[in-house]
Novice: 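Here's a structure for you.
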Amino acid sequence: MNDAIKMQISAFVDGELPQNEAELLLRRLCQDAQLRQQAAEYLAMGRAMRGERAISGIATLRQRIQAELDDVSLERAVIEKAPVPTRFLRPVAGGAIAAAVALAALLGLQQLAEEPEVSAPVGNNAFSGAVGASYSVAEEEDDPLRDYYLRHNVSSSNVGINSINPSVVTWRLRQSVVVEREPAENAADSEPAAGDASETNESTSP
Amino acid sequence: MLRIDGKLVACLVLLGLPGGASLAQEYTPQQWLERMAAAVQSTNYEGTVLQMQDGQSIALKVMHVVKDGVVHEKVASQEGDGLEIIRRGNEVRRILPDEQSVLIAQWNDRGGQFLDLPSTGVSPGSEYTVFIVREERVAGRKAVRLAIVPHDEYRYSHQLWLDTETGFPLQTQLQGPDGTPIEQLKFADIRLDANINASAITPTTSTEDFRWMAQPQRTISDSVDTPWRSDDLPAGFRAVSTHIESVAGREGEIIHILYSDGLANVSVFIEPAMASNRIARRSRVGASCSYSTRRDGYQVTAVGAVPDATVERIATSMRPQ
């Protein structure tokens with residue numbers, strides 16, 4: 001990624017990039033996965049170097065977006081756009097604010113949205129060590145699917161053949177959303193899973 | 001899916017792909033993997049890691065030190081909720097400063113909390129081809145880029161950037177069938193064999209007034225026999241463990257079968273199908289995905305960091321024999 005792109009991204013995050021340039025930047029990022037990755041790395045690196053847990057200038061950007069989105073929930077806008085990158089192309093013609101939301105989703109600027117509610121912890125191992133005078137036992141997660149993911153990650157580690165799967169992912173599972181995906185085209189030919197998939201796990205964060 | 005065999009790899013090297021020579025050639029690909037496994041176990045390090053997943057990037061500060069045979073480790077998110085994971089030996093504490101909570105668990109893994117790398121089963125002639133791509137530079141250090149490419153579409157490719165001096169993995173990347181990065185860890189800066197005082201691996205903020213939590217009691221049996229088998233496993237996968245699991249306060253027992261090809265792992269969970277255990281047919285968390293179906297009154301769910309087709313094939317091929 002060259003310096004010009006870096007400057008454009010910085011200007012965009014600071015809310016100083018002209019609308020036409022913002023839309024061009026968005027188009028390039030939509031079309032170039034490698035550039036998206038490099039841009040996300042660049043932003044994350046900058047945050048890490050500054051010791052920030054939020055994005056510089058994001059408050060200003062959020063205010064600009066909120067002011068123009070009117071009654072459209074920003075959280076909803078970001079969440080709706082996040083899972084399917086091709087949908088980000090749609091807002092390009094809608095102007096800089098739509099582009100801003102789309103770019104944020106493209107680069108994973110989660111801080112644009114409010115932090116989601118954190119669910120009750122869930123885990124895989126019993127613990128009986130001395131923690132302190134008192135501690136409560138976390139309620140078991142209701143969602144069996146998330147529990148399966150956790151069990152899988154832990155069991156893979158326990159047998160010593162875990163692949164490149166950072167345990168950070170495991171520990172974040174309780175906070176992440178198990179994303180329902182589009183059914184495969186041939187799904188109708190298969191035996192149905194329990195319940196209607198569209199009704200389950202849309203959001204497993206309590 | 002790109003298919004690569006040994007002859008092609010040899011041709012690519014002979015044709016002079018960038019960087020095939022010098023330091024990288026001092027060791028065979030298998031020897032590089034062995035160096036990596038040893039380095040992960042024995043190297044003390046600290047640095048900043050960028051974790052890329054689902055198009056998102058998160059910066060993590062990591063510290064890892066082994067003292068008197070005990071692993072001390074800290075992983076701290078530099079953004080978002082400020083999650084911190086601190087490990088001393090087998091005890092792991094997950095700290096959420098914003099929520100003022102600490103969750104404690106046991107971690108029985110022999111390896112590190114942060115880096116879990118393939119340690120067995122990956123060798124030329126198995127379901128993957130391992131070869132040296134070229135020399136590159138990561139975090140200011142010279143690195144050998146190693147590719148682990150599957151022979152079919154039922155597993156992901158891995159790219160590893162190993163420090164030429166130590167074999168330590170400076171960058172790892174999981175790639176989809178089209179070469180698209182699915183998940184990546186990349187050190188932005190690193191100090192290897194750093195002189196880290198284990199006592200420095202403590203929470204950033206005081207947890208004195210935090211809410212402390214443990215996890216529900218879970219019972220996992222010793223290995224058991226089960227009549228459930230897959231009659232159509234992808235090549236190279238084999239069952240490496242079978243357990244009966246149960247959780248206090250939750251009805252029923254779950255059969256958990258772990259399949260592995262030595263690098264990719266897939267868990268199959270089988271439990272009596274009930275109206276209450278509604279499970280989505282397909283789902284995804286990061287690089288992992290799941291497929292769930294019903295068979296003979298049981299809910300059968302396969303989960304793993306493999307392509308969609310793999311979990312679907314395994315889940316739908318499970319049968320009580």
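A quick note: this is a predicted structure, and the numbers were derived from the prediction, not measured. Each chain gets a letter, A, B and so on, in the order its sequence line appears, and its residues count up from 1.
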Novice: Tell me, yes or no, whether the heavy-atom count around Phe210(B) atom CZ, taken from other residues, nucleotides or ligands under 6.0 Å, exceeds 12.
Specialist: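 Check passes, neighbour count above 12.
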
Novice: Using non-hydrogen atoms and a 4.5 Å limit, figure out which bit of Val266(B) sits close to chain A: side chain, backbone, both or neither.
Specialist: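 For Val266(B), backbone heavy atoms alone lie under 4.5 Å from chain A.
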
Novice: Can you tell me how far apart CG (Asp147(A)) and OG1 (Thr301(B)) are? Round to the nearest 0.5 Å.
Specialist: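 Here the interatomic distance stands at 11.0 Å.
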
Novice: Would you call Ser292(B) and Tyr148(A) a side-chain contact if the rule is heavy atoms closer than 4.5 Å?
Specialist: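 No, every pair of side-chain atoms sits at 4.5 Å or beyond.
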
Novice: Give the minimum heavy-atom separation between His256(B) and Arg151(A), together with the two atoms involved.
Specialist: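 Smallest heavy-atom distance, with atoms named: CE1-O, 3.9 Å.
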
Novice: Between Tyr149(A) and Ser288(B), what is the shortest heavy-atom contact and its length?
Specialist: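 Closest approach of Tyr149(A) to Ser288(B): CE2-CB, 3.7 Å.
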
Novice: Looking only at heavy atoms, which two atoms of Ala305(B) and His152(A) are closest? And how far apart?
Specialist: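 Heavy-atom minimum between the residues: N-NE2, 4.3 Å.
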
